[in-house]
S.K.: 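Before anything else, here's the structure in question.
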Amino acid sequence: MSLYERIKENICKQIEEALTKAREKGELRYDELPVFVLEEPRERQHGDLATNIAMLLTKQARRAPRDIAGILIANLDKEGTWITSCEIAGPGFINFRLDPNWLTGVIPEVLAQGDQFGSVEIGKGEKVQVEFVSANPTGLLHMGNARGAALGDSLASLLAMAGYEVSREFYINDAGNQIHNFALSLEARYLQQLGHDFPFPEAGYHGEDLIETVKKIIEQNGDKYVQMDEGQRREALVRYALEEKIAAIKETLQDFGVSYDVWFSEQSLHDSGYVGQTMQELNKKGYIYEKEGAQWLRSTLFGDEKDEVIVRSNGVPTYFAADIAYHRNKYERGFTRVINIWGADHHGHVSRMKGAMQALGYNPDSLQIILMQLVRLIQDGEIVRMSKRSGQYITLKELMDEVGKDAARFFFILRDPDSTVEFDLDLAKSQSADNPVYYVQYAHARLCSILRQAKEQGYDPEINPEKKNLELLTSPEERELLKKVGDLPGEIALAARLMEPHRLARYVLDLAALFHTFYNSQRVLVEDEALRTGRLALIRATRQVLANVLKILGVSAPERM
RNA sequence: GCGCUCGUAGCUCAGCUGGAUAGAGCGUCUGACUACGAAUCAGAAGGUCUGGGGUUCGAAUCCCUACGAGCGCACCA
């Protein structure tokens, strides 16, 4: 627990004790202590911390909130809480003012913990898996995948920082119908490239990249597949193309700063018989029935709108069947919490997937699915429909070439997954200079620059500050910055609990803003040694926190730019 | 038709699970580089939080409803 949290917790405890004391003395009556908030008020004039407890007690106590607040204050033991004054304000808030030195502990804590500052233990080592992107290996990664990648990777890092044992996983859809279509498309392109008149399949993949792949195949193996029977030909072409596509996806994600712990093949679930075994398990439990020659899962028992086909009448299991097996496998590997990041177009699958897990005896709440709205691409003022089949999409690679990895990641991670983001490609490049990521990175570079300057001027920026140095950091700008710096563990805990990494992007923007404001109002490298030492420590701590958060967000923290 | 997710400044978006006077960035306007990086800072203008009801001390936030947007509702994935 961080210093800031410890201080707040201590005050909460004193508030509770004051209320108990008041009740024992008969000044106040209530049965149950409501869950109350102790937080920093938006307006600085309202003090350092404020609580709403008095207003929450009105019903039980049958008294006016301001009266309750008065009773509470009269019974409050301020010893050891840093509280210097309390006042009743507005409808019944209690505002606390703290001894200005309550923040002096923040900097030593940051400096001592270094890149671990911000880590909290709410995860308690629980094994969590985050599956994200899992794009079809039939093409290149696009903008939607970029959003999923930024979100999933940051979420994984965030959870790790919050004390979970996290594994990142990519599920490769290398089986099923789409692979069949992929094979047909490859076959057609292959034969067409070799001059044969061959029709392109209706449901085929029109992407240009497919032609490139086929050209490479011809380069290496010539026309030797023309003579083969079509089954073998398709098999050979698909095997080559999949390998190439998956390698490309891996490389692109690597460039985007994302590396996975596990790449999991859907086909392997079929090959090992695990899909069939899982179907049997469901059958044994009585959740499967036959109708019109197909096997159906009674997903309506678990709140789904309709039952789902799980094995087609032709005997081929559906994608859903494989997905159930896959998720069952996740639990069998020991994950007690399984997080999936899906595009909003898959929201219909959420309840049935949870239902299937419930049918298998797992707690459906341990499967948590984060839906993200799709990315809308704007070009020439028009919305561009993105579709892999039609081959019309902007790839992640192109995106990185246009705006760079850091700007792209920050762009996505800044937004709540629920918001549909618009991405104007025409403005992408010109916007990139305005991208808020540079605001944060610039702050980091500036901080580094100050530390460099200090060294050049013969000062030791690594020197550990003493209490007397830190007590000199009293300006409003210094204090606001300090408070923000000390907030990180709380921010991490909250963001992890809500699974909302975008909070950290907001946090780091706020932090950078407070630093820039401080920078423009006060000088760090001053003559006064005591003050200089204190400020240099503040600079070091701020830089550390900035770097720690950027690391979670997968954005680099440059020393110069 | 049914379901899911949304609707906040001219634009792009936040808003700490119900708190005090709704906030940033971009754009517009006014100022600040002979001191540690001006990719910065200080200030101004800009709002019926889509409309309408309800819940209560208190609603952008919770409930109902209307309108609008996106996405789902295959023996595709």
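Since the structure is predicted, the reported quantities are computational estimates derived from the model, not experimental observations. Letters go in sequence order (proteins before strands), and every chain restarts at 1.
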S.K.: For every nucleotide of nucleotides 6-16 of chain B, 5' to 3': is a protein heavy atom under 4.0 Å from its base (B), only from its sugar-phosphate (S), or from neither (-)?
M.R.: S-----SSSSS
S.K.: Describe the nucleic acid contact of A/E527 in one word from base, sugar-phosphate, nothing, applying a heavy-atom distance below 4.0 Å.
M.R.: nothing
S.K.: Quick check: on RNA chain B, is the nucleotide nearest A/Q457 upstream (toward 5') of the one nearest A/R497, or the reverse? Name the residue that is more 5'.
M.R.: A/R497
S.K.: Give a yes or no on whether a donor-acceptor pair under 3.5 Å exists between the nucleobase atoms of B/rA20, that is its base, and the side chain of A/N52.
M.R.: no
S.K.: Applying a 3.5 Å limit to both distances, which nucleotide forms a Watson-Crick or G-U wobble pair with B/rU55?
M.R.: none
S.K.: Assess the side chains of A/Q178 and A/N173: does a donor N or O sit below 3.5 Å from an acceptor N or O?
M.R.: no
S.K.: Can you figure out which of B/rA77, B/rC75, B/rA20 approaches the side chain of A/H346 most closely?
M.R.: B/rA77
S.K.: In terms of side-chain geometry, is the basic nitrogen of A/E480 or A/K483 positioned less than 4.0 Å from the acidic oxygen of its partner?
M.R.: yes
S.K.: With a 4.0 Å heavy-atom cut-off, tell me which residues in residues 443-456 of chain A come close to RNA chain B, sorted by residue number.
M.R.: A/A445, A/R446, A/S449, A/I450, A/Q453
S.K.: Using whole Å, report how far CG of A/D510 lies from P of B/rA24.
M.R.: 10 Å
S.K.: Taking the cut-offs as 6.0 angstrom to the six-membered ring centre and 45 degrees off its axis, would you call A/R415 and A/F411 a cation-pi pair?
M.R.: yes
S.K.: Suppose we define a pair by two distances each less than 3.5 Å, Watson-Crick or G-U wobble; what does B/rC67 pair with here?
M.R.: B/rG7
S.K.: Salt-bridge test for A/E477 and A/R479: reply yes if a basic N is under 4.0 Å from a carboxylate O, no otherwise.
M.R.: no
S.K.: Which residue lies toward the 5' end of RNA chain B, A/G348 or A/P65, if each is placed at its nearest nucleotide?
M.R.: A/P65
S.K.: Suppose we call two aromatic rings close when their centres sit under 6.0 Å apart. Are A/H516 and A/Y442 close by that rule?
M.R.: yes
S.K.: Between A/I88 (CD1) and B/rG19 (C1'), how many Å, whole number?
M.R.: 17 Å
S.K.: Less than 4.5 Å apart, side chain to side chain, heavy atoms only: is that true for A/I369 and A/H349?
M.R.: no
S.K.: Under a 3.5 Å cutoff, is there a donor and acceptor pairing between the side chains of A/S299 and A/R352?
M.R.: no
S.K.: Taking the minimum atom-to-atom distance to the side chain of A/H516, which one of B/rA77, B/rU40, B/rC75 wins?
M.R.: B/rU40
S.K.: Is A/E491 touching bases, backbone alone, or none of the nucleic acid, heavy atoms closer than 4.0 Å?
M.R.: nothing
S.K.: Quick one: label A/A294 by what it contacts on the DNA or RNA (base, sugar-phosphate, nothing), any heavy atom closer than 4.0 Å.
M.R.: base
S.K.: B/rC64 and B/rG47: how far apart are their P atoms, nearest whole angstrom?
M.R.: 31 Å
S.K.: Expressed as a whole number of angstroms, how long is the span from A/L509:CG to B/rU40:C1'?
M.R.: 14 Å
S.K.: What form does the base of B/rC29 take, syn (within 90° of 0) or anti?
M.R.: anti
S.K.: Start with the C-alpha gap between A/E39 and A/K8, add the side-chain angles, then the distance that decides, and say whether salt bridge (Lys or Arg N to Asp or Glu O under 4.0 Å) holds.
M.R.: CA-CA 8 Å; A/E39 61 182 359; A/K8 288 214 293 196; over 6 Å; no
S.K.: Answer with base, sugar-phosphate or nothing: what part of the nucleic acid does A/D487 contact at a heavy-atom distance below 4.0 Å?
M.R.: nothing
S.K.: For a quick check, tell me whether the side chain of A/D345 and the base of B/rG72 share a donor-acceptor pair closer than 3.5 Å.
M.R.: no
S.K.: Both distances under 3.5 Å, Watson-Crick or G-U wobble: report the partner of B/rC16, or none.
M.R.: none
S.K.: Does B/rC73 pair with anything, Watson-Crick or G-U wobble, both distances under 3.5 Å, and if so, with which nucleotide?
M.R.: B/rG1
S.K.: So what's B/rA44 paired with, Watson-Crick or G-U wobble, going by both distances under 3.5 Å?
M.R.: B/rU28
S.K.: Without placing hydrogens or testing angles, list every side-chain donor-acceptor pair under 3.5 Å for residues 494-502 of chain A, not counting sequence neighbours.
M.R.:
residue	atom	partner	partner atom	Å
A/E500	OE1	A/R503	NE	2.8
A/E500	OE1	A/R503	NH2	3.0

S.K.: I'd like to know if A/H347 reaches the base of B/rG3 with its side chain such that a donor and an acceptor end up less than 3.5 angstrom apart.
M.R.: yes
S.K.: Measure from CZ on A/F518 to P on B/rC36 and round the result to the nearest Å.
M.R.: 14 Å
S.K.: To the side chain of A/E292, which of B/rA39, B/rC75, B/rG19 is closest?
M.R.: B/rC75
S.K.: Could you tell me whether A/K330 and A/E169 make a salt bridge, using a distance below 4.0 angstrom between a side-chain N and a carboxylate O?
M.R.: no
S.K.: Picking from B/rA77, B/rA39, B/rC75, which would you name as closest to the side chain of A/Y438?
M.R.: B/rA39
S.K.: For A/W263 and A/F170, take the angle between the two ring planes, folded into 0 to 90°, and tell me which bin it lands in: parallel under 30, tilted 30 to 60, perpendicular over 60.
M.R.: parallel
S.K.: Roughly, in whole Å, what's the span from CH2 in A/W342 to P in B/rU5?
M.R.: 15 Å
S.K.: Compare all side-chain heavy atoms of A/H327 with those of A/N340 and state whether any distance is below 4.5 angstrom.
M.R.: yes
S.K.: Out of B/rU40, B/rC75, B/rA35, which nucleotide sits closest to the side chain of A/Y439?
M.R.: B/rU40
S.K.: Going from CG on A/N329 to CG on A/D323, what distance comes out if it is rounded to the nearest 0.5 angstrom?
M.R.: 11.5 Å
S.K.: Please tell me if A/S521 has a side-chain N or O lying less than 4.0 Å from either OP1 or OP2 of B/rA42.
M.R.: no
S.K.: Give the rounded distance in Å between these two atoms: OH of A/Y507 and P of B/rA24.
M.R.: 18 Å
S.K.: How many whole angstroms separate atom CD of A/E305 from atom P of B/rG72?
M.R.: 14 Å
S.K.: Round to the nearest Å and state the distance from A/E559 atom CD to B/rG37 atom C1'.
M.R.: 14 Å
S.K.: Evaluate whether the aromatic ring of A/F93 and the six-membered ring of the B/rA20 base sit under 5.5 Å apart, centre to centre, with an inclination under 30°.
M.R.: yes
S.K.: Using the C1' atom as the reference point in each nucleotide, state the distance between B/rG58 and B/rG72 in Å, no decimals.
M.R.: 38 Å
S.K.: Using the P atom as the reference point in each nucleotide, state the distance between B/rG43 and B/rG3 in Å, no decimals.
M.R.: 49 Å
S.K.: Using only side-chain N and O atoms of A/Y519, determine if any of them is under 4.0 Å from OP1 or OP2 of B/rA38.
M.R.: yes
S.K.: B/rA20 base stacked by A/H46? Criteria: ring centres under 5.5 Å, plane angle under 30°.
M.R.: yes
S.K.: With the side chain of A/K59 defined as its heavy atoms from C-beta on, choose the nearest nucleotide among B/rC73, B/rU56, B/rA77.
M.R.: B/rU56
